[in-house]
Amino acid sequence: MKNELVDHITTIFHETFGSAPEHIVRAPGRVNLLGEHVDYNDGFVLPAAIDRATYIVFAPADKDFSTLVAVDMDQQASFSPQTISSKTQVNGSPLPEWAQYPAGVMWSLNEEHLSTPAMNAVFASNVPRGSGLSSSASVEMTFALAWQTLSDWKLPSMQRALLGQKAENQYVGVNCGIMDQFASACGVENKLLLLDCRSLEWKTIPLPEDVSIVVADTTVRRKLTSGEYNKRRFACEEAVRLLNEDLPTIRSLRDVSVEDFNRLAGKLPEEVSKRARHVVEEIERSKQAEALLEAGNIRRFGELMNQCHISLRDLYEVSCPELDVMVHVAQSLEGCYGARLTGAGFGGCTVNLVRRAEAEPFAKALANGYESETGLGPEIYVTRASNGAELLL
Ligand code: ADP
Ligand code: MG
């Protein structure tokens with residue numbers, strides 16, 4: 001396996017620890033193709049692991065603590081099962097923010113009485129941070145697999161995903177759903193993943209060879225998005241509470257059909273109704289997507305992505321002018337099947353399905369079109385569905 005990033009972190013491992021690493025693990029970022037803002041409504045999501053990943057080289061350490069070098073942060077941290085409950089390092093100083101992700105994984109594994117042997121490790125990533133491609137989940141899933149590699153326990157990939165989510169929710173304190181860790185742990189090359197967020201059952205769906213996934217980062221980051229996110233979650237809960245009067249068996253918006261919703265929507269306050277309509281219709285779209293993709297009907301699937309964007313813009317109201325420009329330009333270009341904002345919204349990335357032969361010219365034209373309308377230079381990644389976390393050595 002030839003990979004410049006791995007060569008680089010291997011060199012740093014030698015310099016730092018004076019020996020060669022014994023193992024290499026990678027765990028990818030992810031992008032969601034359909035099913036947006038439905039994970040916390042028990043819906044279906046359709047992510048893929050992408051070919052950008054966090055890589056770690058490591059070896060067991062003859063000490064009672066682990067030492068990690070975060071190359072991208074140019075920092076080092078040392079902690080052990082004894083120090084993590086106080087979020088400190090072995091020398092008593094606080095854990096830096098980045099180290100809380102691996103320390104959180106150690107914590108959630110230890111909570112399950114799974115050992116996390118001391119290791120020396122160097123890691124780095126080509127998943128951009130904070131742009132909605134789940135660099136955090138990719139870091140968590142590299143460490144979960146690294147500790148598994150040095151231990152005598154073995155968990156199914158979904159279990160490692162759940163423990164990563166627990167680390168992020170309870171140790172780091174970020175309120176994320178299961179999709180990110182799931183895709184990073186369970187990804188399959190050239191496949192989309194269809195996850196039922198209620199039962200956690202999942203399956204793979206083939207993506208045709210001649211289709212590329214293109215991710216376009218607006219480079220816009222909105223502040224205060226967690227407050228807006230919480231408001232959306234609250235509106236969904238409110239809709240369920242109000243619809244319960246007529247539909248006593250529903251537990252979440254997942255249980256509401258489009259027909260029932262159309263019949264009862266007038267009883268909801270306008271804003272609650274708009275938010276809930278997005279969720280109900282998006283879950284319906286993701287159900288249709290399965291059959292379309294199984295039949296190889298990318299054209300129609302792309303139309304669902306376009307509809308999803310309109311719904312996120314007008315009903316869920318989580319878009320922003322830059323995302324709308326990126327989607328609008330993409331949809332006008334040759335070879336584009338579908339384009340929409342992906343992730344929480346208010347900035348970040350769009351996801352595009354593009355005919356493979358057109359992917360490179362598409363990426364160039366999209367960058368030019370976006371820049372001339374907004375004055376901002378975007379980041380465009382032509383990517384493909386990749387394997388989830390894996391031991392490479
Ligand atoms: P994302 O959407 O990329 O997951 P988050 O805000 O959830 O954004 O996670 C980003 C955080 O994850 C970073 O601030 C850092 O703490 C941690 N992280 C991500 N990638 C790396 C990396 N390569 N090295 C160290 N820490 C990282
Ligand atoms: Mg994250």
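Counting from 1, the numbers follow the sequence of the chain as shown. Both ligands and their constituent atoms are indexed starting at 1 by order of listing.
- Note: the hydrophobic cluster containing Val256 also contains Val258 (ILVMFWY, side chain heavy atoms under 4.5 Å, direct or indirect links).
- His37 and His278 have perpendicular rings, their planes meeting at more than 60° on a 0 to 90° scale where under 30° would count as parallel.
- Considering only non-hydrogen protein atoms, atom 15 (C) of ligand 1 sits nearest to Glu97 OE1, 3.8 Å.
- What sits closest to atom 19 (C) of ligand 1 on the protein, heavy atoms only, is Ser135 OG, 3.2 Å.
- Looking only at protein heavy atoms, the nearest one to atom 22 (C) of ligand 1 is Asp72 OD2, 3.8 Å.
- Judged purely by atom type and a 3.5 angstrom limit, Asn110 uses its side chain to pair as donor or acceptor with the backbone of Leu114.
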(message) Run the ring-ring contact (aromatic ring centres under 6.0 Å, His included) test on Tyr229 and Tyr40 for me, step by step, so that the C-alpha distance in whole Å, both residues' side-chain angles and the decisive distance to 0.1 Å come before the verdict.
(response) CA-CA 11 Å; Tyr229 176 82; Tyr40 50 87; 5.5 Å; yes
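- Remark: minimum distance from atom 2 (O) of ligand 1 to any protein heavy atom is reached at Gly132 N, 3.4 Å.
- Figure legend: Lys87 and Phe79 shown without cation-pi pairing, the cationic atom not lying both under 6.0 angstrom from the six-membered ring centre and within 45 degrees of its axis.
- Scanning Cys349, Ser136, Ser138 for the heavy atom closest to atom 7 (O) of ligand 1 points to Ser136.
- Ligand 1 does not have Thr54 within reach: every non-hydrogen atom of the residue lies 4.0 Å or more from it.
- A distance-only check finds a donor-acceptor pair linking the side chain of Gln89 to the backbone of Ser78 [under 3.5 Å].
- Contact check on Arg232 versus Glu228 returns a salt bridge, with a Lys/Arg side-chain nitrogen under 4.0 Å from an Asp/Glu carboxylate oxygen.
- A salt bridge links Glu294 with Lys203: the closest approach of a Lys/Arg side-chain nitrogen to an acidic carboxylate oxygen falls below 4.0 angstrom.
- The pair Glu238-Arg275 does not meet the salt-bridge criterion, since no charged nitrogen lies less than 4.0 angstrom from a carboxylate oxygen.
- Taking distance alone, with nitrogen or oxygen atoms compared against 3.5 Å, Ala137 stays at or beyond that limit from ligand 1.
- Near the Mg ion (ligand 2), less than 2.8 Å away, sit the protein N, O or S atoms Ser136 OG.
- In this structure, Lys267 does not pair ionically with Glu245, as no charged nitrogen and carboxylate oxygen lie closer than 4.0 Å.
- Residue contacts with ligand 1 for Gln100 are absent, since no atom lies close enough (heavy atoms, distance under 4.0 Å).
- Residue-level proximity to ligand 1 for Pro128 is carried by the backbone, the only part with a heavy atom below 4.0 angstrom.
- Rounded to the nearest 0.5 Å, atoms OG1 (Thr342) and CE (Met305) are 8.0 Å apart.
- Taking each of Phe123, Trp98, Tyr101 in turn, the one with a heavy atom nearest to atom 11 (C) of ligand 1 proves to be Tyr101.
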